[in-house]
Structure formats: C-alpha cells, structure tokens
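Notes follow the structure.
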Amino acid sequence: MKFLVCISNVPDTTTKIAFTPDNKEFNKAGVQFVINPWDEYALTRAIELKEAQGGGTVTVLNVGEADTEPNIRKALAIGADDAIRVNAYPKDAFFVAQQIASIAKDGGYDVILMGKESIDYNGFQVHGMVGELLGIPTVAPAMKLDMSGNTATLEREIEGGKEIVEVNTPFVASCQQPMCEPRIPNMRGIMTARTKPLKVVEPVGDAPRTEVATYALPPKKEGVKLIPAENAGELIKLLRNEAKVI
C-alpha cells in the first residue's frame, strides 16, 4: 500500500511573530521552523500502518522552497521512505491542494494523509480540496485510523460526539490527536535519512487565487485591574461600562 503524507513547514510555537515593514509578509528572520505538529500524527500513523502490513511505502510531500528541506529530512529520519518537494511557496490553500492532487494522481497513492490544519494559518481547507480535485472521499478530522486490506475504519470528531466511518482506498484523511504518539527520529534514522530520495518538482496548475492584503498583530493586552472583594459594586460597574460583558 502506498501512503502519501503531506507536511507543512511552520514556525515553532514559541516564535515571536513579526512582519515585514509593509505588513504583507511574515518575517522569517531568526525564526525556527518545524514540521506542522498535526502532520506528525499523519506521518507516524502512516509508518505504523506500513509496519503492521509488513510492506508498502510512505512518501512525504511538501510544497515549499529549498529552506524546507531540513524538516523534510527530519520526516525521512522519522521513518518515511522517500520525499517529494514541490518547488514553490505555498501562497494559498487551493494552490497547495492542486500540487498535492497532481502528485497523488501521478503516483497512484492509496491513502493520502495530512494534519487537520497547519498551526500558522489554521485554515482547515486543504484536505477537502484535495479530495474534491481527485474525486475521492475525504474524512476529517480523523482521531483514529485502522486498515483491513483496502478498507479503512476511521473515527472522526463531530459536533457533540464522534462518528465511526468505513471507506475504501483511495481516500484522503486529515489527522489529529489521539491518533498516535508522534515519533521522534533516532540516530539510525537520522543517518539513513541522508541517503533517502528527495525529488524536487516544479509546480503545476493555476497561480494562487488569493493574496494577503495586510497582516496585523493583535492589540496589546491592557493592564489588569484588581478590585477589593468588598467593593462588588465597582466591579459590576467596570464589567458593564468598560469590559461591556454584562
């Protein structure tokens, strides 16, 4: 069985966010990038399923420029067999979905996995677009994934509960916890990752359909006002007139 796992290159969660002077681009200077944490669930589960089946392949796919390759190599160190990088900046969700769909169609993959969203934009869009472009089912967001032959059983989160569905390959699924415990690369994996294939291809399809008009940081939090416990009237007044929550 052939697994295609899509990974994003995102700023570390401890990153101090800043933008270029014109507020049209994220300022990468001094930023540490990591594999999108949601994508790590997809990657680890694909590797686990391949191991349980005693064969198959796990290919990681990234839409990004050359500076994403260290994290692609990390994915290979975790256990993926090979990698593909589409040589383009991921400007919008549809553009990324087009690249994934093109690679998936040409490669004949059985299962296409990715995180439910990237932690930088939190768009929750790409998986559905990929499924639609390929004309195959999409299950999102999946918390569990098991395979029996060509049939997958997935548990997904819905409003007020969870739903268990079955789907035949090929299909797309977006992943979240508690699907598995994400793996970290060991020394042997790091060494072997250096020689695993990493293919670079040029983008296809339409140009990005959206562009960022401007970025803005959230307003700074104001100082906290402490009201003595015996002065409940003052607290109510502030909640009504300043905070406007009552």
Side-chain angles (χ1 to χ4, degrees), residues 3-20 25-48 50 58-93 95-97 99-100 103 112-127 130 140-143 145 172-200 212 215 217-218:
F3 294 89
L4 181 66
V5 179
C6 310
I7 63 171
S8 298
N9 199 54
V10 299
D12 186 88
T13 53
T14 60
T15 296
K16 184 177 180 180
I17 301 300
F19 304 113
T20 54
E25 293 183 3
F26 173 68
N27 188 350
K28 296 182 179 181
V31 174
Q32 175 69 36
F33 283 83
V34 298
I35 298 174
N36 179 44
W38 297 118
D39 297 336
E40 290 184 325
Y41 288 100
L43 175 60
T44 298
R45 189 58 185 144
I47 295 168
E48 290 175 345
K50 185 194 81 167
V58 175
T59 299
V60 290
L61 169 61
N62 170 256
V63 179
E65 297 170 317
D67 58 358
T68 68
E69 291 194 5
N71 280 325
I72 298 175
R73 289 290 178 192
K74 181 181 177 182
L76 293 170
I78 290 171
D81 299 291
D82 63 312
I84 301 170
R85 179 174 68 83
V86 178
N87 188 31
Y89 184 78
K91 287 192 173 182
D92 72 5
F95 176 77
V96 172
Q99 311 314 310
I100 296 171
I103 297 293
I112 304 165
L113 300 179
M114 63 191 74
K116 69 173 186 176
E117 59 191 356
S118 61
I119 64 168
D120 48 4
Y121 289 99
N122 301 103
F124 200 75
Q125 300 177 72
V126 174
H127 49 266
V130 172
M143 300 186 294
L145 167 60
V172 178
S174 67
C175 306
Q176 67 173 48
Q177 86 278 17
M179 180 168 284
C180 58
E181 184 66 31
R183 294 185 181 183
I184 57 175
N186 55 33
M187 185 55 67
R188 182 173 181 271
I190 293 171
M191 297 300 290
T192 58
R194 297 176 182 177
T195 58
K196 289 181 177 178
L198 197 171
K199 181 181 179 182
V200 179
V212 174
Y215 287 104
L217 293 171

Exercise. Taking the side chain as C-beta and beyond, is there a heavy-atom pair between Gln176 and Met143 under 4.5 Å?
Worked result: yes
Exercise. Under 3.5 Å, side chain of Asp39 to main-chain N/O of Ser8, donor-acceptor pair present?
Worked result: yes
Seminar exercise, completed: Looking only at heavy atoms, the pair that brings Ala80 and Leu43 closest together is CB-CD1, 4.2 Å
For this session: Kindly give the heavy-atom pair with the smallest separation between Asp82 and Thr59, and that separation in Å.
Result: OD1-OG1, 2.8 Å
Exercise. Any donor and acceptor pair, going by atom type alone, linking the side chain of Arg45 with main-chain N or O of Met179 inside 3.5 Å?
Worked result: no
Seminar exercise, completed: Sequence neighbours excluded, the answer for ring-ring contact (aromatic ring centres under 6.0 Å, His included) partners of Tyr121 is none
Problem set entry | Working for side-chain contact (heavy atoms from CB on, under 4.5 Å), residues Glu181 and Tyr41 | CA-CA 7 Å; Glu181 184 66 31; Tyr41 288 100; over 6 Å; no
For this session: Assess whether atom CD1 of Ile190 is packed by more than 12 heavy atoms of other residues, nucleotides or ligands within 6.0 Å.
Result: yes
Seminar exercise, completed: dist Leu198:CG -> Glu69:CD (nearest 0.5 Å) comes out at 5.0 Å
For this session: Could you tell me whether the side chain of Ser118 reaches within less than 4.5 Å of the side chain of Val126, counting heavy atoms only?
Result: no
Exercise. Under 3.5 Å, is there a donor-acceptor pair linking the side chains of Asn27 and Thr20?
Worked result: no
Problem set entry | Within 6.0 Å of NZ in Lys91, more than 12 heavy atoms from elsewhere | no
Seminar exercise, completed: When Asn71, Asp67, Thr68 are each screened for side chain to side chain donor-acceptor pair (under 3.5 Å) with Asn9, the one that passes is Asn71
Exercise. Does Asn36 use its side chain to pair, donor to acceptor, with the backbone of Glu117 at less than 3.5 Å?
Worked result: yes
For this session: Decide if atom NZ of Lys199 counts as having more than 12 heavy atoms of other residues, nucleotides or ligands within a radius under 6.0 Å.
Result: no
For this session: Mind listing the closest non-hydrogen atom pair of Thr44 and Pro182 along with its distance?
Result: OG1-CA, 3.4 Å
For this session: Check each of Val5, Ile112, Val86, Ile7 against Leu61 using the side chain to side chain contact (heavy atoms under 4.5 Å, CB included) test, and report the only one that passes.
Result: Val86
For this session: Find out whether Cys180 and Glu48 are in side-chain contact, i.e. whether some heavy atom of one side chain is under 4.5 Å from a heavy atom of the other.
Result: yes
Problem set entry | Check: Asn62 side chain, Ile72 main-chain N or O, donor-acceptor pair, under 3.5 Å | no
Exercise. CD of Glu65 to CZ of Arg85: how many Å apart, nearest 0.5 Å?
Worked result: 8.0 Å
Exercise. Between atom CZ of Phe95 and atom CD1 of Ile100, what is the distance when rounded to the nearest 0.5 Å?
Worked result: 11.0 Å
